[in-house]
Amino acid sequence: MAGHGHGGHGHGCCEDEHEPAERGMEYTLYQRVDTEKLQCLNETREGDGKLVFKPWDQRTDREKFVESDADEELLFNIPFTGSVKLKGIIISGEDDESHPAEMRLYKNTPQMSFDDTGREPDQAFRLNRDPLAQLEYPTKIARFSNVNHLSIHISRNFGAESTKIYYIGLRGEFSQTHRHEVTICNYEAAANPADHKVQSFIPQTNFIS
């Protein structure tokens with residue numbers, strides 16, 4: 001036992017058993033996806049794209065999956081029910097050539113089409129085959145700190161005619177969207193007039209960045 005990590009909790013011996021469950025607690029953003037409005041372009045069966053956003057304990061379930069149709073590309077348009085700070089993504093497929101090989105992320109661009117994917121993504125990843133959903137791809141958090149809509153473009157796979165995905169896990173923080181404008185107005189109204197007096201002496205050009 002060597003008394004590792006007991007710390008008064010009395011379950012130090014079981015830490016390893018709890019670790020996967022705790023990790024799963026971080027992958028709950030699927031609950032914040034507006035699945036009614038989620039779109040997946042080039043899916044073989046309509047509605048299958050929604051099935052891969054599922055609970056952590058179902059990540060290796062092979063019953064629900066999405067497969068691409070005309071070629072290997074898939075494009076997910078994912079609206080959230082509030083604002084998300086996206087920290088990482090797991091994407092899992094079959095352990096063969098149908099597994100996605102590249103993922104391109106675009107934030108806050110609703111209704112993207114394949115024509116729109118020609119522009120520079122906010123972040124792109126080369127993917128490894130990950131049939132057990134173990135690999136997380138960390139996002140640039142500063143860039144993905146205020147996401148209302150996420151588009152995931154799977155641009156290629158490992159050589160098969162179609163791409164198959166079983167699970168997409170999203171890790172991050174969620175917050176309800178508030179009416180920020182009101183807060184800002186209130187703050188301005190209550191601002192110290194002295195602050196504004198000081199500003200009036202500063203030449204306007206200083207504010208042009």
Working note: Asp61 + Lys64, criterion salt bridge (Lys or Arg N to Asp or Glu O under 4.0 Å); need CA distance, chi angles, decisive distance, verdict. CA-CA 7 Å; Asp61 168 30; Lys64 297 175 181 174; 5.3 Å; no

Can you check side-chain contact (heavy atoms from CB on, under 4.5 Å) on Phe174 and Gln31, steps first, answer last? CA-CA 10 Å; Phe174 176 84; Gln31 297 172 339; over 6 Å; no

Main-chain N/O of Lys107 paired to Thr109 side chain as donor or acceptor, under 3.5 Å: yes

Do Glu67 and Ser162 have side-chain N/O donor and acceptor atoms under 3.5 Å apart? yes

Take atom NZ of Lys85 as the centre, draw a 6.0 Å sphere, and report whether it contains more than 12 heavy atoms from other residues, nucleotides or ligands. no

Roughly how far, to the nearest 0.5 Å, is the CG atom of Asp48 from the CZ atom of Phe65? 7.0 Å

Using every non-hydrogen atom in the two residues, find where Ser113 and Leu41 come nearest and quote the distance to one decimal. CA-CD1, 3.9 Å

Which residues satisfy the side chain to side chain donor-acceptor pair (under 3.5 Å) test with Glu97, sequence neighbours excluded? none

Where Glu120 and Tyr106 come nearest, the two heavy atoms and their spacing: O-CE2, 3.7 Å

Taking all heavy atoms of Glu72 and all of Asn157, pick out the closest pair and write down the distance. CB-ND2, 3.3 Å

Take Tyr167 and Val52, measure what side-chain contact (heavy atoms from CB on, under 4.5 Å) needs, and give me the verdict at the end. CA-CA 4 Å; Tyr167 174 75; Val52 300; 5.5 Å; no

Nearest heavy-atom pair of Phe158 and His99: which atoms, and what distance? CD1-O, 3.1 Å

I'd like to know if the side chain of Glu94 and the backbone of Lys164 have a donor-acceptor N/O pair within less than 3.5 Å. no

Honestly curious: do Leu127 and Ile152 fall in one hydrophobic cluster under the side-chain, below-4.5 Å linking rule? yes

Has Glu136 got a side-chain atom pairing as donor or acceptor with Gly88's backbone, closer than 3.5 angstrom? no

Any non-hydrogen side-chain atom of Ile78 less than 4.5 Å from a side-chain atom of Ile168? no

Please determine whether residues Phe125 and Ile90 belong to a single hydrophobic cluster, defined as Ile, Leu, Val, Met, Phe, Trp and Tyr linked transitively by side-chain heavy-atom distances below 4.5 Å. no

Any idea which heavy atoms bring Lys87 and Glu173 closest together, and the distance? NZ-OE2, 2.6 Å

Stepwise, does the side chain to side chain donor-acceptor pair (under 3.5 Å) test hold for Ser155 with Glu102? CA-CA 6 Å; Ser155 48; Glu102 187 177 71; 2.4 Å; yes

Is the shortest side-chain heavy-atom distance between Pro100 and Ile165 below 4.5 Å? yes

Can you measure from CG (Leu51) to CD (Glu43) and round to the nearest 0.5 angstrom? 8.5 Å

Report yes or no: do Tyr137 and Leu105 belong to one cluster of Ile/Leu/Val/Met/Phe/Trp/Tyr joined by side chain heavy-atom distances under 4.5 Å? yes

Ser151 and Asn77: side-chain donor and acceptor closer than 3.5 Å? yes

Shared hydrophobic cluster, Met103 / Tyr30 (ILVMFWY, side-chain heavy atoms < 4.5 Å): yes

ILVMFWY cluster, Tyr166 and Leu135 together (side-chain gap under 4.5 Å): no

Steps toward side-chain contact (heavy atoms from CB on, under 4.5 Å) verdict (Val33, Leu38): CA-CA 8 Å; Val33 172; Leu38 185 147; 3.5 Å; yes

Using only atom types and a distance under 3.5 Å, with no angle test, would you say the side chain of Arg104 pairs donor to acceptor with the backbone of Thr117? yes

Please evaluate residues Leu86 and Leu170 with respect to the criterion side-chain contact (heavy atoms from CB on, under 4.5 Å), reporting the C-alpha separation (whole Å), side-chain torsions for both, the decisive distance (0.1 Å), and the verdict. CA-CA 7 Å; Leu86 186 66; Leu170 304 172; 4.2 Å; yes

Arg32 side, atom CZ; Gln176 side, atom CD - distance, nearest 0.5 Å: 6.5 Å

Nearest 0.5 Å please: distance from the NZ atom of Lys37 over to the OG1 atom of Thr81. 10.0 Å

Trp56 backbone acceptor or donor facing Arg59 side chain under 3.5 Å: yes

Just by distance, with hydrogens left out, do Ser83 and Asn146 show a side-chain donor and acceptor under 3.5 Å apart? yes

Taking all non-hydrogen atoms of both residues into account, name the closest pair between Ser92 and Asp130 and its distance. OG-O, 2.8 Å

For atom CZ of Arg62, decide whether the heavy atoms of other residues, nucleotides or ligands shown that lie under 6.0 angstrom number more than 12. yes

